[in-house]
Amino acid sequence: MELELEPLKLLSDQERPTVIAGPCSAETEEQVVCTAKQLAARGCKIFRAGVWKPRTKPGGFEGNGEQALPWMKQVKEETGMKVATEVATPEHVELAMKYGIDILWVGARTTANPFAMQALADALKGAEVPVLVKNPVNPDLELWIGAMERINQAGIKRLGAIHRGFSSYDKKIYRNLPMWQIPIELHRRIPELPIFCDPSHIGGRRELIAPLCQQAMDLGFDGLIVESHCDPDKAWSDAKQQVTPDVLDYILNLIVVRDESVTTEGIHILRKQIDELDNQLMELMAKRMRVCREIGQYKKEHNMTVLQAARYNEILEKRGAQGALCGMDPQFVAKVFEGIHEESVRQQMEIINK
């Protein structure tokens with residue numbers, strides 16, 4: 001189904017990027033109000049804080065719950081900022097509405113559970129609040145879209161997506177792998193859906209926030225949701241990925257926001273060249289597959305197995321080294337040839353099994 005969307009417009013003077021900032025958790029009244037006032041003084045207009053904080057493992061700080069909601073209300077009254085928090089159950093939705101929370105978001109673990117998403121959707125029927133949906137923990141675009149469809153069917157038309165990266169067993173640079181191709185595909189399929197980037201959860205370390213914010217802007221994201229704390233080193237949750245309001249202001253002032261609508265004759269000419277090269281690639285690929293089918297026929301006639309492991313390894317090593325000499329990432333080249341090999345094997349299997 002298609003999403004029925006209205007412009008999100010979280011702010012009256014909508015600019016790109018729209019920035020939502022605040023601490024990971026609403027820890028104390030003093031911490032919430034102090035952080036909010038510092039952010040407001042630096043031009044931030046939307047304050048975020050986690051009221052309910054279920055952790056990966058029990059035993060850590062899991063939020064103050066309803067006790068923190070009056071603090072959020074106080075932020076609205078004293079700073080004029082809009083306030084946002086995460087909801088994961090119908091009870092959360094009911095309480096957030098009771099205390100006048102302006103924007104709700106759904107966390108990655110909740111998005112991954114269709115039962116939980118349907119329960120939230122049922123609780124949101126008749127509400128006018130904007131809802132932002134984080135990607136599920138696993139890289140599943142259909143699950144992400146399905147979660148937003150459930151909310152949309154409940155009558156919520158002011159929807160947005162939050163890209164917070166995807167969990168991985170092998171953590172190297174990032175806490176959660178960006179896998180930018182997934183939000184890019186989401187934008188291709190639903191171009192009118194605003195997408196926010198969560199650099200705090202992607203990076204997991206405060207020094208990665210600035211480059212991730214810039215990458216998001218370069219890719220045309222609509223906004224940012226960043227964790228900012230008045231004293232991040234003493235934060236009760238996710239201390240390493242939070243920055244002070246001063247540092248956040250410095251990061252935002254350095255961001256280059258590129259105009260995604262401006263086109264010139266020069267870029268049209270270059271894109272035409274890309275189209276011509278893509279056509280040549282497809283023709284070459286078709287020729288390669290024809291040869292692969294001939295090899296499949298040869299293997300069939302000589303009772304050979306389709307998969308020849310030594311030959312496959314030779315291709316990957318040779319083309320990876322060749323790619324590096326041509327200025328390309330060897331891993332990228334390996335992925336390309338893995339895909340080509342997979343299709344070659346499929347076509348040869350068809351011939352052998354006829």
Side-chain angles (χ1 to χ4, degrees), residues 108 112 134-145 161-189 195 197-221 240-241 256 258 270-271 273-289 291-292 295 305-349:
K134 287 195 173 186
N135 61 259
V137 290
N138 49 316
D140 188 335
L141 179 57
E142 299 307 324
L143 193 60
W144 195 2
I145 293 174
I162 299 175
H163 174 52
R164 49 79 79 188
F166 301 93
S167 295
S168 169
Y169 177 76
D170 183 20
K171 298 183 189 299
K172 293 182 181 176
I173 298 175
Y174 302 107
R175 175 180 176 181
N176 294 303
L177 298 177
M179 299 182 72
W180 298 106
Q181 69 273 18
I182 293 179
I184 288 170
E185 175 61 13
L186 175 64
H187 179 67
R188 187 191 70 79
R189 289 172 58 173
I195 305 180
C197 179
D198 178 349
S200 306
H201 280 88
I202 292 175
R205 304 200 309 274
R206 56 180 67 112
E207 62 266 25
L208 293 176
I209 289 175
L212 285 165
C213 286
Q214 186 60 62
Q215 276 185 281
M217 290 301 97
D218 292 345
L219 291 170
F221 279 55
K240 292 181 180 179
Q241 66 191 39
V256 177
R258 308 184 197 284
L270 292 169
R271 284 173 175 166
Q273 289 180 33
I274 289 289
D275 288 340
E276 290 172 357
L277 289 167
D278 285 346
N279 288 335
Q280 292 174 32
L281 279 173
M282 291 304 296
E283 289 172 7
L284 285 170
M285 201 82 72
K287 289 178 182 177
R288 191 185 193 282
M289 290 303 163
V291 176
C292 286
I295 291 172
T305 60
V306 169
L307 183 61
Q308 302 285 316
R311 169 62 176 160
Y312 180 41
N313 289 333
E314 178 192 346
I315 289 172
L316 291 183
E317 289 173 10
K318 185 184 293 184
R319 299 308 171 207
Q322 189 177 9
L325 290 173
C326 295
M328 290 181 280
D329 186 336
Q331 289 186 341
F332 159 73
V333 176
K335 283 182 182 177
V336 170
F337 277 91
E338 283 169 9
I340 291 171
H341 182 263
E342 185 179 335
E343 177 61 15
S344 301
V345 167
R346 188 192 68 79
Q347 295 208 16
Q348 289 183 25
M349 288 289 288

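Positions are given from 1, in the same order as the sequence printed here.
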Nearest heavy atoms of [X] and [Y], plus distance in Å:
X	Y	value
Tyr174	Leu208	CD2-CD1, 4.2 Å
Gly165	Ile202	N-CG1, 3.6 Å
Pro330	Gly320	CB-O, 3.8 Å

Results of salt bridge (Lys or Arg N to Asp or Glu O under 4.0 Å) for [X] - residues two or more places apart only:
X	result
Arg164	none
Glu142	Arg189
Asp218	Arg258

Treating [X] as the side-chain partner and [Y] as the backbone partner, does any N or O pair qualify as donor plus acceptor under 3.5 Å?
X	Y	result
Asn135	Leu141	no
Gln241	Gly203	no
Arg175	Ser200	no

Quiz item: Would a 4.5 Å heavy-atom cut-off, applied to side chains only, mark Asp278 and Ile274 as touching?
Solution: yes
Practice problem: Answer yes or no: is there a side-chain heavy-atom contact under 4.5 Å between Trp180 and His163? | Solution: yes
Quiz item: Under the ring pair (Phe, Tyr, Trp, His ring centres under 6.0 Å) test, which residues partner His201, sequence neighbours left out?
Solution: none
Quiz item: ring pair (Phe, Tyr, Trp, His ring centres under 6.0 Å) with Phe332: which residues, sequence neighbours excluded?
Solution: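 Ring pair (Phe, Tyr, Trp, His ring centres under 6.0 Å) check on Phe332 returns nothing, list empty.
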Quiz item: For the atom pair CD1 (Ile209) and CG (Asp198), what is the distance rounded to the nearest 0.5 Å?
Solution: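 Answer for the CD1-CG pair, Ile209 versus Asp198, is 9.0 Å.
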Using the side-chain hydrogen bond (donor to acceptor under 3.5 Å, both in side chains) criterion, which residues pair with [X]? Sequence neighbours excluded.
X	answer
Arg311	none
Gln215	none
Glu276	none

Exercise. Could you pull out all residues at least two apart from Met179 that satisfy side chain to side chain contact (heavy atoms under 4.5 Å, CB included)?
Key: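 Once residues adjacent in sequence are excluded, the partners of Met179 under the side chain to side chain contact (heavy atoms under 4.5 Å, CB included) criterion are Pro139, Phe166, Leu177, Gln181, Ile182.
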Quiz item: Leu143: what forms a side chain to side chain contact (heavy atoms under 4.5 Å, CB included) with it, not counting sequence neighbours?
Solution: Ala112, Pro114, Pro136, Asn138, Asp140
Quiz item: Do any pairs count as a side-chain hydrogen bond (donor to acceptor under 3.5 Å, both in side chains) and have a residue in residues 314-335, sequence neighbours left out, and if so which ones?
Solution: Glu314-Lys318, Arg319-Gln322
Self-check item: Side-chain donor-acceptor contact under 3.5 Å, Gln308 with Thr305
Solution: yes
Exercise. Please list all pairs passing the salt bridge (charged side-chain N to carboxylate O under 4.0 Å, His left out) test where one or both residues lie in residues 337-347, with sequence neighbours left out.
Key: Glu343-Arg346, Arg346-Glu350
Exercise. Inspect the surroundings of CE in Met328 and state if more than 12 heavy atoms from other residues, nucleotides or ligands are less than 6.0 Å away.
Key: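 Enclosed.
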Self-check item: Parallel, tilted or perpendicular, as decided by the 30° and 60° cut-offs, for the rings of Tyr312 and His341
Solution: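 His341 vs Tyr312 ring planes: parallel.
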